[in-house]
Amino acid sequence: MRQTSRSLSRDLVGTSAVRVRFAPSPTGFLHVGGARTALFNWLFARHNGGTLVLRVEDTDAARYSDEYVDAIYRALRWLDIDWDEGPDAGGQFGPYRQRERAQLHRDAAAQLLARGAVYECFCGPEPVESKPSEAEEASDDGLSSRAVRPQCTCATLSAQQKDARRAAGVAPALRMRVDPARAVVVDDLVRGRVEFPAGTIGDFVIVKSDGGALYNFAAVIDDHAMQISHVIRGDEHLANTPKQLLIYEAFGWQPPAFAHIPIILNEARRKLSKRDGATFVNEYKALGYLPEALVNFLTLLGWSPGGNQELLSREEMIARFTIEGVVKHPAIFDHAKLSWMNKEYLKVLPLDELTARTIELLQRRSPVPDRIDPPHVARVVQLLQERAYTLGEIVDQGAYFFTSGPVEPAPDAIAKYCATTESMQRLREVRDALAAEPRDFNASEIEAAIRGLAERTGNKAAAFIHPLRVAITGQAVSPGIFEVASILGKDVTLARTDALLDGLAHTVAK
RNA sequence: GCCCCCAUCGUCUAGAGGCCUAGGACACCGCCCUUUCAAGGCGGCGACAGGGAUUCGAAUUCCCUUGGGGGUACCA
């Protein structure tokens, strides 16, 4: 089977131009699952020198919003996924917003009606007899109740009967005539051959009684009109495919090749939902993830380049991406691995880039911190670059760098390094040493001052370093303290040290 | 319920009948380095869901079971 689908894909790729599409429905922000589908389409198009079409499927008037269309553009651009044709990019197969294609859909439906491939159904839009059975009522999610429609018999209505219903003001929907005895075969590029008994598909509706085309119908009309060669989409659409194939057949059209990619699951092995933390692309942006890292991570969810390489450049991804490398089973979104990957990208990000992106994030804080000039931030970021998983962590962990004001020492840091009178004595000593010695207050001067002090007093340098760290950063952990003090500057270093000495003196006195 | 899909370490995966004593990465656990945290180095833990069948030989092929997921709309 695998063999079959491979040769099939080779033929299609070899003989015709590759045209793929990403067809999001703007009913929400771009989801990581959607982003991955976009990514696979993009990778496939670029690998084959093909075309990526962006089609906005905004036919669900109830849930669609313009705001989300923009959000999807923004998310794709942030990920650096570019498209060749689309609502904004234009192209010769437009319009690319599905609601603007409504007339096309109606015309196509009329053709099918004329041929007798579909029939008018007067059952009405309400899902009939939706009373849940005992068992369904008892089920815990409460969503499993099936609206079981009684067998629709409109296929056998006489012309007079239809006229009567119409006269009564009932607008008909259009239903596909499906021979229940046959089977529909999907030859999927990743699944192989999948056979669906048509009896389980039923006479499905393609056009609603209000004249609106349904997803399965509109998708076929548009994919055909846009000359889509490969439909690469989430696995949840596999069950839709036989319906779409039936529509292609009714028109006598050659269907595109299909590739159903596995879906992304949460840790509980369920479809990703809002409750699983960040699931939208823009949330990752706000958290300070790098788009390069998210792309790399998503690419490896459900696809493997075959070897042992984990970190791939865009060029490498494009060069190596094939449908054959797509895995069949669902993948669980592992935040820990994304974090690791983000850190890897953070480590090699050029300093000026890192600085700019960090400042961008800092400016979104409220209130905006007072020390965010580029030279200063660059020094900070250089220090934090190897320790942070995200830009957000740089901003949070380095908060004491971005303000010239005082810091509130963390209780656990105090308890660990500043709990004794000895440690306070050391802090006082190091404070005086720093106040006296260094002229430039650069890292090596500071180090010399502290190590000299340690030597003179017969202590380990660490005995001074730890309390000082708590004083100037408020934390028990930080990058190398000499660099930290240097970047903070003499004034801030001494002021914070004094503040801690005072504060603690009071505490002890009480 | 019915239809369909899937099944290798906790997670992402490599694996196309002998190259498998099953490889890599994340996570986790040690040790080294050290100024705390990272980074880095070294090492460790850890999987073919179960049962049949085919074969000289099966993670790899077939069947069944089990488990997980998706779909079952006049949503997309």
Side-chain angles (χ1 to χ4, degrees), chain A residues 2-3 6 23-27 57-60 62-64 98 121 123-127 133 135-136 144 146-149 171-175 186 188 191 194-197 199-202 204-216 218-219 234-242 260 262-263 265 267 269-271 297 300-311 327-341 343 347 383-389 397 413 416-417 447 450 460-466 468-470 473 475-482:
Chain A
R2 197 85 168 133
Q3 229 50 34
R6 267 171 208 168
S25 129
T27 53
E57 307 214 325
D58 52 0
T59 51
D60 185 355
R63 295 191 297 153
Y64 137 90
Q98 205 165 52
C121 166
C123 294
E126 296 311 314
S133 73
E136 284 164 340
S144 60
R146 297 283 166 269
V148 182
R149 180 185 286 278
L174 261 26
R175 250 179 219 286
V186 178
D188 192 90
R191 315 266 147 190
V194 184
E195 196 172 316
F196 295 84
T200 64
I201 297 170
F204 58 96
V205 173
I206 61 164
V207 175
K208 295 182 276 186
S209 49
D210 68 3
L214 251 15
Y215 168 73
N216 283 125
D235 194 24
E236 68 269 26
H237 287 291
L238 182 58
N240 282 324
T241 311
H260 287 94
I263 60 171
L265 269 23
E267 273 95 350
R269 296 198 159 274
R270 313 221 98 229
K271 229 172 154 180
F297 175 73
L300 259 25
L301 269 193
W303 174 74
S304 167
N308 285 333
Q309 194 179 348
E310 304 281 333
L311 269 10
V327 128
K328 293 165 130 173
H329 51 267
I332 293 170
F333 194 100
D334 181 4
H335 286 90
K337 186 153 184 179
L338 202 215
S339 286
W340 164 78
M341 201 169 267
K343 191 174 202 170
K347 282 197 282 194
L383 227 44
L384 262 19
Q385 187 163 23
E386 287 215 329
R387 296 157 221 267
Y389 282 98
Q397 289 176 5
K416 199 165 177 188
Y417 295 120
E447 173 161 15
I450 293 178
K460 285 174 34 173
F464 299 99
I465 287 170
H466 292 310
L468 179 62
R469 171 175 289 114
V470 176
T473 71
Q475 303 173 9
V477 303
S478 81
I481 197 67
F482 313 126

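Atom set for the values below is all heavy atoms of this structure, side chains included, hydrogens, waters and symmetry mates excluded. Naming convention: chains lettered A, B, ... in sequence-line order (proteins, then strands); numbering from 1 in each chain.
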Given the structure, check if the side chain of A/Ser209 and the base of B/C74 hold any donor-acceptor pair shorter than 3.5 Å. yes

Please report the distance separating the P of B/C37 from the corresponding atom of B/C20, rounded so that it comes out in whole Å. 40 Å

To the nearest 0.5 Å, what is the distance between NZ on A/Lys328 and CG on A/Asp188? 9.5 Å

With sequence neighbours excluded, what pairs up with A/Lys343 under the side chain to side chain donor-acceptor pair (under 3.5 Å) test? none

Give A/Gly307 one of three labels, base, sugar-phosphate or nothing, depending on what nucleic acid heavy atoms sit under 4.0 Å from its own. nothing

Please name all residues satisfying ring pair (Phe, Tyr, Trp, His ring centres under 6.0 Å) with A/Tyr215, sequence neighbours left out, ordered by chain then number. A/His237

Mind checking A/Pro197 for me? I need base, sugar-phosphate or nothing, with any heavy atom below 4.0 Å counting as a touch. sugar-phosphate

Just to confirm, is there a sub-4.0 Å distance from OP1 or OP2 of B/U11 to any side-chain nitrogen or oxygen of A/Arg269? yes

At under 4.0 Å, does any side-chain N or O of A/Lys271 touch on OP1 or OP2 of B/G71? yes

Mind calculating the distance between CD (A/Glu386) and C1' (B/U36) to the nearest angstrom? 16 Å

With a 4.0 Å limit, can you tell me whether A/His329 has a side-chain N or O closer than that to the phosphate oxygens OP1/OP2 of B/U13? yes

Test ring-ring contact (aromatic ring centres under 6.0 Å, His included) applied to A/Phe297 and A/Trp340, A/Phe333, A/Trp303, the passing residue: A/Phe333

Would you classify A/Ile481 as touching base, sugar-phosphate or nothing, given that sugar-phosphate means primed atoms plus P, OP1 and OP2, and contacts are heavy atoms under 4.0 Å? base

Could you tell me how far B/A53 sits from B/G70 if I compare only their C1' atoms? Round to whole Å. 30 Å

Sugar-phosphate only, base, or nothing, as touched by A/Gly212 at under 4.0 Å among non-hydrogen atoms: nothing

Describe the nucleic acid contact of A/Lys347 in one word from base, sugar-phosphate, nothing, applying a heavy-atom distance below 4.0 Å. sugar-phosphate

Using a 4.0 Å heavy-atom cut-off, does A/Ala476 contact any base of the nucleic acid, only the sugar-phosphate backbone, or nothing at all? base

Give A/Glu195 one of three labels, base, sugar-phosphate or nothing, depending on what nucleic acid heavy atoms sit under 4.0 Å from its own. sugar-phosphate

side-chain N/O A/Ser339 vs B/C26 OP1/OP2, d < 4.0 Å: no

Could you tell me the separation between the CZ atom of A/Arg191 and the P atom of B/G71, rounded to a whole number of Å? 13 Å

To the nearest angstrom, how far is A/Asn240 atom CG from B/C5 atom P? 15 Å

Under 4.0 Å between any heavy atoms, over every strand shown, what does A/His237 touch: base, sugar-phosphate, or nothing? Just pick one. base

Any side-chain N or O of A/Lys328 below 4.0 angstrom from OP1/OP2 of B/C6? yes

Checking all strands, does A/Ile201 fall into the base, sugar-phosphate, or nothing category for heavy-atom contacts under 4.0 angstrom? nothing

Atom CG of A/Leu338 to atom P of B/A25: distance rounded to whole Å? 19 Å

Please confirm whether the shortest side-chain N or O distance from A/Lys343 to OP1 or OP2 of B/A39 is below 4.0 Å. yes

Once you round it to whole Å, what is the distance between P of B/U11 and CG of A/Leu300? 17 Å

Have a look at A/Ala336 and say if it touches a base, only the backbone sugar-phosphate, or nothing, with a 4.0 Å heavy-atom cut-off. sugar-phosphate

May I ask you to verify whether the side chain of A/Arg387 and the base of B/C37 hold a donor-acceptor pair under 3.5 Å? yes

Taken to the nearest whole Å, CG/A/Leu265 to C1'/B/C5 is 12 Å

Looking for any heavy atom pair under 4.0 Å, which part of the strands does A/Glu310 touch: base, sugar-phosphate only, or nothing? base

C1'-based separation of B/G17 from B/C12 [nearest Å]: 26 Å

